[in-house]
Amino acid sequence: MADPNGYHDDIGDTFVDGFDDDGFPGDRAPRQPAAAPVLVPPAGGGIAARAMAARRSNAPDYLEGLNPEQRKAVETIEGPVLVLAGAGTGKTRVLTTRIAHILATGSAYPSQILAVTFTNKAAREMKERIAHFIGGNVEGMAWLGTFHSICVKILRRHAELVGLKSSFSIIDTDDQLRLIKQIIQAEGIDDKRWTPKAFAALLDGWKNRALTPKEISEGESRAFAGGLGRKLYEEYQDRLSILNACDFGDLLLHVITLFKTNPDVLKDYQRKFRFMLVDEYQDTNIAQYLWLRLLAQGNPNVCCVGDDDQSIYGWRGAEVDNILRFEHDFRGAVVIRLERNYRSTSHILASASHLIAHNEGRLGKTLFTDFEDPEDEKVAVASCWDSEEEARSIGDEIEALQRHGHKLNDIAILVRASFQMREFEDRFVTLGLNYRVIGGPRFYERMEIRDAMAYFRCVVQPADDLAFERIVNTPKRGLGDATLKLVHELARAERIPLIQAANQLCQTEELKPKARSALKSVLDHFERWRRDLEHTKHTEMAEIILDESGYTEMWRKDRSAEAPGRLDNLKELIRSMDQFESMAGFLEHVSLVMDRDSNDINDAVSIMTLHSAKGLEFDTVFLPGWEEGLFPHQRALDESGRAGLEEERRLAYVGVTRAKKRAKIWFASNRRIHGSWQSTIPSRFLDELPIEHVEIVEQASNYGGYGGGGYGRGGYGASRFDRSEPFQNSSYSTPGWQRAQKAKAAHEAITGRSSDFRSAGTRRQGPMTIEGELVAKSVSDMPSAYSVGERVFHIKFGYGAIVAIEGNKLTIDFEKTGQKKVIDSFVEKH
DNA sequence: ATAAATGTTCTTTTT
DNA sequence: GAACATTTAT
């Protein structure tokens with residue numbers, strides 16, 4: 001390919017060009033002729049020379065304003081680099097500037113840079129910021145994305161090498177659970193004792209560690225259903241491959257397998273990616289680590305950025321060890337610490353640092369700031385009677401801030417668990433305070449959206465069992481368990497997708513006439529939609545599908561309160577499809593990007609979990625619910641002991657460091673857990689804050705005034721916050737408790753249940769997605785195991801003699817019911 | 001086959 | 001207390 005800038009030969013990369021243009025749908029990376037040299041025009045001479053020149057002659061302006069450490073992190077582009085970036089130290093800036101630097105020095109084409117993030121949001125942000133550097137167009141950065149999206153891209157190209165078709169579909173956790181459940185039931189295992197969820201957790205653990213069924217240990221195999229772990233894992237994978245589908249873990253795993261078994265392919269990618277960057281390295285799991293290591297073999301230009309103190313995803317397999325071992329794994333690594341904080345006041349920094357210092361096994365960083373203002377507020381710690389009062393008080397404070405001219409956009413409430421959000425939502429609704437929930441139940445998880453998507457999936461991906469199951473009988477068309485069971489049996493026996501099995505069944509008299517015609521009609525619809533999709537715009541087809549299937553009709557007739565909203569959501573769904581070229585493209589997008597871009601520009605308080613707050617910052621941050629059992633969460637303690645506690649502490653650290661100017665921590669003495677009220681103890685983390693940077697706030701509005709007593713009953717001794725709290729409360733019958741109950745009842749009467757549209761979509765479980773072309777033909781090539789004249793037994797029709805054979809369909813003359821067409825797997829020889 | 005009633009379990013965080 | 005799942009009744 002012609003190179004307009006004339007430095008193509010310097011890079012010696014003919015491979016890339018052919019590679020990027022060999023055209024996968026959705027992978028058209030329009031080559032940007034002048035992407036790289038916007039900032040530094042290409043000149044003759046080697047890359048290094050140019051890079052050095054760039055550095056000497058007054059640094060390009062993108063380097064300006066970086067502190068020495070940041071600058072070093074940006075400019076050290078050769079060799080392995082670990083950037084330990086504390087909270088608020090300009091991590092993202094370093095990452096994006098580094099990419100800009102690589103491009104500006106002409107060291108690589110955009111398409112030769114692999115940049116990995118964990119969330120789609122982070123990827124999007126990085127793209128935006130790089131676009132800013134290189135003049136608007138980042139189309140060339142084809143390999144900037146999440147681990148998962150990059151893996152999909154690679155897999156679509158080489159799917160056959162791992163036994164998939166390139167059109168494979170991606171199932172989400174919901175689909176995964178259903179599939180597991182089917183397998184467990186098919187094995188005849190008691191799914192009460194051995195729940196699908198438990199198996200999903202095991203499976204997740206294996207995949208996070210890149211273990212295939214053969215590689216899991218005996219012990220782990222035995223850990224489920226008395227030794228069936230491995231078998232179930234094998235069957236699960238088997239089923240997935242029939243369905244031509246992957247789960248999230250498979251995306252990584254299959255690429256690893258691909259690389260291991262096809263060294264030439266790996267080599268191509270190793271050569272292709274001249275520079276690799278990984279964001280949030282502390283969150284990588286073993287599979288991701290192995291993935292990266294494979295790619296980094298023979299190319300040391302790996303830059304990992306992370307903060308061991310912000311590792312909060314241990315529960316989903318993240319290995320802090322990856323970051324702790326970096327120097328060891330990548331020989332000659334340069335480690336750069338970013339410790340200068342540009343975000344928070346010194347009180348906030350000191351509090352966070354003091355807190356996190358209680359953890360062992362850190363790489364150790366000390367954040368500092370140059371800015372100190374005597375006006376800065378200390379970190380506030382306040383107490384309240386119960387969670388309702390907590391919401392009320394925080395609401396009041398927010399209104400006060402608002403009166404003083406603060407923007408709601410600069411305020412956030414960060415909770416440990418999402419159930420805490422509800423209380424705030426209820427309160428803010430009554431106050432008329434704008435809020436937005438970030439990361440809550442998502443658009444694509446709503447029932448109506450999932451249903452609609454299931455229809456689309458059935459059309460586009462005819463092997464998508466999970467989608468099929470979801471909507472065969474939605475709206476109701478008389479296809480119940482009995483019918484479904486038959487379809488399942490056939491599908492399992494013949495190892496074919498459900499839709500195909502259903503098709504076969506319709507050609508026989510196995511089903512009751514009513515069910516048969518209902519099923520036939522659905523399948524015919526699928527057929528027709530599939531055909532029409534070829535010449536009709538996909539958004540139009542989407543509408544047609546929803547109408548003709550009776551799905552919209554179903555909601556129109558529904559008189560419940562949510563129905564209109566659901567219809568709106570469906571409209572929005574179709575509208576959002578417009579940005580995609582095809583229905584298949586849309587489905588892929590949704591399976592990887594479950595978040596909807598909320599582009600509301602309104603001023604609103606943000607409510608979110610601590611986990612989803614990572615990477616964000618706000619002037620004012622409220623941190624409610626600092627109570628033992630909730631935060632640190634009991635389950636983290638029970639399941640992971642000390643490690644769990646440390647992770648919770650890191651979570652607290654993340655929370656506090658989100659605040660730029662004000663951090664306000666709350667705890668309640670009573671909280672409803674499992675529906676019943678329990679008195680609670682202040683979190684131990686409160687005692688780990690440095691008292692000189694903290695201000696204890698007395699609540700004027702407390703129900704206070706009941707004598708001594710206090711908390712401190714708990715297991716770990718008295719807290720210094722015990723004394724600051726004026727109530728006693730170990731019984732459920734104190735006046736305060738009763739009052740709280742009454743207030744609550746009154747509140748509910750006024751607000752009338754929660755109006756909450758978030759919950760609307762979450763109630764029903766959805767099916768999932770699978771896809772592929774028909775795996776088997778409807779008439780089997782295999783010679784039949786039966787012969788004409790043979791006497792057979794059918795469980796429903798009894799004994800009969802075979803009259804004719806057509807593939808796997810037998811025409812049998814039954815003694816009682818006469819001639820019927822049935823499928824051979826439903827009869828046995830006699 | 002469906003709707004209503006009853007019982008059961010759980011509530012962390014997410015690509 | 002709520003969302004589920006299963007059982008029972010129609």
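Numbered from 1 within each chain, the chains take letters A, B, ... in sequence-line order.
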Undergrad: NA contact type, A:T483, heavy-atom cut-off 4.0 Å: base, sugar-phosphate, or nothing?
TA: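 Answer is sugar-phosphate: A:T483 comes under 4.0 Å of backbone atoms only.
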Undergrad: Can you check the A:Q634 CD to B:dT13 P distance for me, whole Å?
TA: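 Computing the A:Q634:CD to B:dT13:P distance gives 16 Å.
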Undergrad: Select one nucleotide: of C:dG1, B:dT13, B:dT2, the one nearest the side-chain heavy atoms of A:R672.
TA: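 Out of C:dG1, B:dT13, B:dT2, the nucleotide with an atom closest to A:R672's side chain is C:dG1.
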Undergrad: What is the nucleic acid contact for A:H633, judged by heavy atoms within less than 4.0 Å: base, sugar-phosphate only, or nothing?
TA: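 Sugar-phosphate contact only - A:H633 comes under 4.0 Å of backbone atoms but never of a base.
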Undergrad: Is the side chain of A:N473 donor-acceptor paired with the backbone N or O of A:R477 at a distance under 3.5 Å, no angle test?
TA: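 Yes.
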Undergrad: For A:E639 and for A:A482, locate the closest nucleotide of DNA chain B by heavy-atom distance; then report the residue assigned to the nucleotide nearer the 5' terminus.
TA: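 Nearer the 5' end of the strand: A:A482.
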Undergrad: Under 5.5 Å centre to centre and under 30° between planes: does that hold for A:Y313 and the six-membered base ring of B:dT13?
TA: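 No; centroid distance or tilt outside limits.
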Undergrad: Rounded to whole Å, how long is the line connecting atom CZ of A:R422 with atom P of B:dT11?
TA: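 The answer, rounded to whole Å, is 16 Å.
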Undergrad: Looking at B:dT15, B:dT13, C:dT6, which one has an atom nearest to any side-chain atom of A:S418?
TA: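 Nucleotide nearest to A:S418's side chain: B:dT13.
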Undergrad: Considering only B:dT13, B:dT15, C:dT6, which nucleotide approaches the side chain of A:H148 most closely?
TA: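 Of B:dT13, B:dT15, C:dT6, B:dT15 is nearest to the side chain of A:H148.
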Undergrad: Would you sort out whether A:R427 and A:E388 count as a salt bridge (Lys or Arg N to Asp or Glu O under 4.0 Å), showing the intermediate values?
TA: CA-CA 8 Å; A:R427 182 65 192 157; A:E388 195 208 332; over 6 Å; no
Undergrad: Atom CG in A:L498, atom CG in A:L490: separation rounded to 0.5 Å?
TA: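 Here the interatomic distance stands at 9.5 Å.
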Undergrad: Looking at every strand, decide which applies to A:K197 at a 4.0 Å heavy-atom threshold: base, sugar-phosphate, or nothing.
TA: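 Sugar-phosphate, no base atom in range.
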Undergrad: Output the rounded distance in Å from CZ (A:F631) to P (B:dT13).
TA: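 Answer to the nearest Å: 13 Å.
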Undergrad: Test A:F631 against every option in A:F685, A:F667, A:W666 by the ring-ring contact (aromatic ring centres under 6.0 Å, His included) rule and name the one that passes.
TA: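 Only one option passes, and that is A:F685.
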Undergrad: What do the steps show when you test A:R672 against A:D386 for salt bridge (Lys or Arg N to Asp or Glu O under 4.0 Å), and what is the final call?
TA: CA-CA 8 Å; A:R672 196 170 39 205; A:D386 64 6; over 6 Å; no
Undergrad: Check the distance between B:dT14's C1' and A:F147's CZ and give it to me in whole angstrom.
TA: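 Between C1' of B:dT14 and CZ of A:F147: 15 Å.
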Undergrad: Measuring to OP1 and OP2 of B:dT14, would you say a side-chain N or O of A:N120 lies under 4.0 angstrom away?
TA: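 It does not, given that no N or O in the side chain of A:N120 lies less than 4.0 Å from OP1 or OP2 of B:dT14.
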Undergrad: Using whole Å, report how far CZ of A:R635 lies from P of B:dC10.
TA: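 Distance check: A:R635 CZ to B:dC10 P gives 8 Å.
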Undergrad: Would you mind telling me which of B:dT15, B:dT2, B:dT13 lies closest to the side-chain atoms of A:T119?
TA: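 Closest nucleotide to the A:T119 side chain: B:dT15.
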Undergrad: In whole Å, I'd like the distance from the CD atom of A:Q420 to the C1' atom of B:dT13.
TA: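 From A:Q420 CD to B:dT13 C1': 12 Å.
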Undergrad: Which whole-number value in Å describes the distance from A:K207 NZ to B:dT15 C1'?
TA: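 It is 14 Å, rounded to the nearest whole Å.
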Undergrad: With nearest nucleotides of DNA chain B determined for A:G478 and A:A417 from heavy-atom distances, which residue corresponds to the more 5′ nucleotide?
TA: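 Looking at DNA chain B, the more 5' nearest nucleotide goes with A:G478.
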Undergrad: Would you compute the distance between atom SG of A:C506 and atom CG of A:L523 and round it to the nearest 0.5 angstrom?
TA: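 Interatomic distance, A:C506 SG to A:L523 CG, rounded to 0.5 Å: 5.0 Å.
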Undergrad: For A:E588 and B:dT15, give me the distance from atom CD to atom P, rounded to whole Å.
TA: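 It is 16 Å, rounded to the nearest whole Å.
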Undergrad: Out of B:dT15, C:dT6, B:dT13, which has the shortest distance to the side chain of A:W315?
TA: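 Between B:dT15, C:dT6, B:dT13, the one nearest the side chain of A:W315 would be B:dT13.
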Undergrad: Under 4.0 angstrom, heavy atoms only, what part of the nucleic acid is A:F118 near: base, sugar-phosphate, or nothing?
TA: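 Sugar-phosphate, no base atom in range.
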